[in-house]
Amino acid sequence: MGLPILNDVHDEITRLAVAGSALAAGDPRIKKYIPPLQKLGEKAPVFKTLAERLDALLTADSKDSPEALMDAGMLLYSLRYTQGTAETGAPPPETGGAPAWAQTPLPAGNIPYSELSPLIDRLTSGSMENAGSIEAVFEAGRHRDPRLFRWYCAAVGGKKTPISAYVAETVIPDIGAEIIPFAEAALDLQGGKGHARLLTAIYRLKGAAAIPLAERALAEGSEHVMAAAVRIFGEDPKYEEMLLSYTKDRKAGPKGAAFAALVKMGSAKGDEALLEALGKAAVGFLEDALTASRNPAVFEKVLAQAAALMPAYKDNAPKLKILLKVIADRDDEAGLCFLEKALTDKDFRSEAWNLLELGKVFEILMGADTKQKNEIVYRLAEKGGEALSQWKIEAAIRIFTAQEVYEKCHKGVDKNNCWHIFHAYNIEWGSNWTPDSKKTWDRRWAKHFVTGHTFDIAAAMLYNDDVETWTMMLDHVVDRIKKQTSSTHPYYSTTFVNILGQAFTNKHPKAYEYYEKFIAAGFPKKDLAPIIELEAYMRNP
């Protein structure tokens with residue numbers, strides 16, 4: 001180590017972690033290191049911060065001492081881990097001049113100890129439901145706590161961690177160079193996709209200084225890590241010949257990355273290699289390169305091969321499904337005409353839907369959100385019946401007025417596929433409190449669902465000022481309560497209470513009358529108590 005004092009303090013902190021933080025009060029073995037650290041702090045503020053945390057540890061009561069020990073220990077850990085090694089070239093303090101890295105101290109931990117452990121658990125749990133809390137920490141500007149650096153890197157490298165990409169692409173770049181040593185320590189060149197992301201994140205922070213690491217990744221890495229390294233070399237045209245050599249690699253990952261990098265680079269030799277590879281049976285590794293390529297010759301060959309393979313699509317499915325997605329991504333007139341003609345065949349579409357991943361083709365067309373592609377999807381969906389009703393509604397919303405959407409689509413929407421309309425209009429379940437100003441659909445949708453006895457959908461789509469349709473729905477609900485053998489079923493109870501509650505909120509002229517009708521029809525009065533309480537509050541808040 002370049003600074004022995006950090007090792008000595010570390011030994012004392014470790015001792016207290018084992019023996020118990022309560023023993024730190026006034027500990028002379030800790031106190032003796034505070035003056036020299038303060039002296040170092042005159043030239044490097046980070047040492048002054050460490051001295052302050054040690055002093056806080058010495059004066060903390062037994063309740064606060066665990067957090068004080070954690071604060072001091074994590075800053076010390078960050079110093080030793082990121083800056084205290086001899087390899088940094090840091091001169092001993094007596095030679096004069098503080099090391100360059102110490103001029104900018106690490107940020108202080110700004111997350112309370114009580115919140116830290118749960119946050120670390122969320123970072124490494126792999127659960128999608130925890131992604132929101134990680135994003136909230138970032139958006140609040142609290143993510144630059146050095147105690148989290150190790151765990152950010154663990155989250156990126158973790159297997160199938162949903163937040164891996166978010167941390168790698170958003171959090172780590174914002175933290176900057178301070179996290180590099182943690183990322184390099186966490187990187188496993190034999191790891192999977194997460195470690196490939198980690199390598200890319202390190203390169204984004206270090207630039208050309210990361211090239212030796214990328215070279216090691218090519219020599220020693222797993223397929224995913226090798227592919228990431230190939231993409232790094234694709235950032236510089238001087239590596240063109242090396243990338244061309246990797247187009248012959250036996251592993252699909254680095255081979256596909258090399259083709260994509262050459263396309264991005266605008267390499268003429270890369271286009272020649274791409275055309276040659278396109279003539280072979282297996283082209284799955286070429287998908288990124290083919291999608292990115294804007295060489296007319298490449299697309300002409302894609303289209304020609306797709307047309308040639310179509311008659312025997314079952315035998316050529318692995319290659320054809322790639323070609324169809326590439327065609328869907330382009331705005332080429334001939335390609336889109338070919339695609340529409342092929343997908344118009346209902347029997348073909350039914351048999352090939354899963355085999356050729358046609359759902360992804362529709363997603364690509366819709367993702368472009370161009371007038372031409374929206375119209376293609378609408379024409380195809382109009383002929384596709386129930387199986388394509390979701391695409392029909394989404395495309396119709398983009399093409400027609402709200403009134404036209406209802407007239408063209410409502411006959412195909414019922415309680416069995418009503419979620420399509422929710423998805424298309426981005427309506428959330430239980431959103432019947434949405435103000436009318438945010439409702440963009442035709443008013444007739446609500447009556448359509450009331451008539452179909454799909455009350456929860458109707459309530460979400462009903463305009464609050466539509467007294468006539470609200471009355472119709474309340475009458476239907478009363479009738480349903482009378483016929484329902486178990487009106488206290490949780491689903492019906494919640495739905496019906498919400499509907500009546502919304503009628504009160506909307507100041508429906510007969511809200512109290514329907515309250516009495518609900519009870520007379522057999523609905524438990526106790527379940528309606530919250531509505532009366534809410535109404536009373538609204539009158540006298």
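What you see is a predicted model; the values in this text were computed from it and never measured.
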Check side-chain contact (heavy atoms from CB on, under 4.5 Å) between [X] and all other residues, then give those that pass, not counting sequence neighbours.
| X | value |
| --- | --- |
| Glu357 | Lys321, Lys325, Lys360 |
| Ala196 | His224, Ala228 |
| Ser350 | none |
| Ala511 | Phe504, His508 |

With sequence neighbours left out, what residues match [X] under ring pair (Phe, Tyr, Trp, His ring centres under 6.0 Å)?
| X | answer |
| --- | --- |
| Phe362 | Trp353, Trp391 |
| Tyr313 | Phe348 |
| Tyr166 | none |

Can you name the residues that form a side chain to side chain donor-acceptor pair (under 3.5 Å) with [X], not counting sequence neighbours?
| X | value |
| --- | --- |
| Asn426 | none |
| Tyr514 | Asp475 |
| Glu169 | none |
| Asn374 | Asp369, Arg398 |

Exercise. For atom NZ of Lys319, is the number of surrounding heavy atoms from other residues, nucleotides or ligands below 6.0 Å larger than 12?
Worked result: yes

Exercise. Can we say Lys482 and Asp479 salt-bridge, meaning some charged N sits less than 4.0 Å from an Asp/Glu carboxylate O?
Worked result: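 No, Lys482 and Asp479 are not salt-bridged.
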
Exercise. Is Glu468 paired with Arg443 through a side-chain N to carboxylate O contact shorter than 4.0 Å?
Worked result: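 No salt bridge links Arg443 with Glu468.
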
For this session: Could you check whether the rings of His410 and Tyr406 sit parallel, tilted or perpendicular, using 30° and 60° as the cut-offs?
Result: parallel

For this session: Kindly assign one of parallel, tilted or perpendicular to the pair Trp445 and Phe449, based on the angle between their ring planes and the thresholds 30° and 60°.
Result: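 Parallel, since the angle between the ring planes stays under 30°.
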
Exercise. Looking at Val326 and Phe299, what are the two nearest heavy atoms and their distance?
Worked result: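 Val326 and Phe299 have their closest heavy atoms at O-CE1, 4.3 Å.
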
Problem set entry | Smallest separation among heavy atoms of Ile397 and Ala424, with atom names | CD1-CB, 3.5 Å

For this session: Return each pair, listed once, that meets salt bridge (charged side-chain N to carboxylate O under 4.0 Å, His left out) where at least one residue sits in residues 405-414; pairs must be two or more places apart or across chains.
Result: Glu407-Arg444

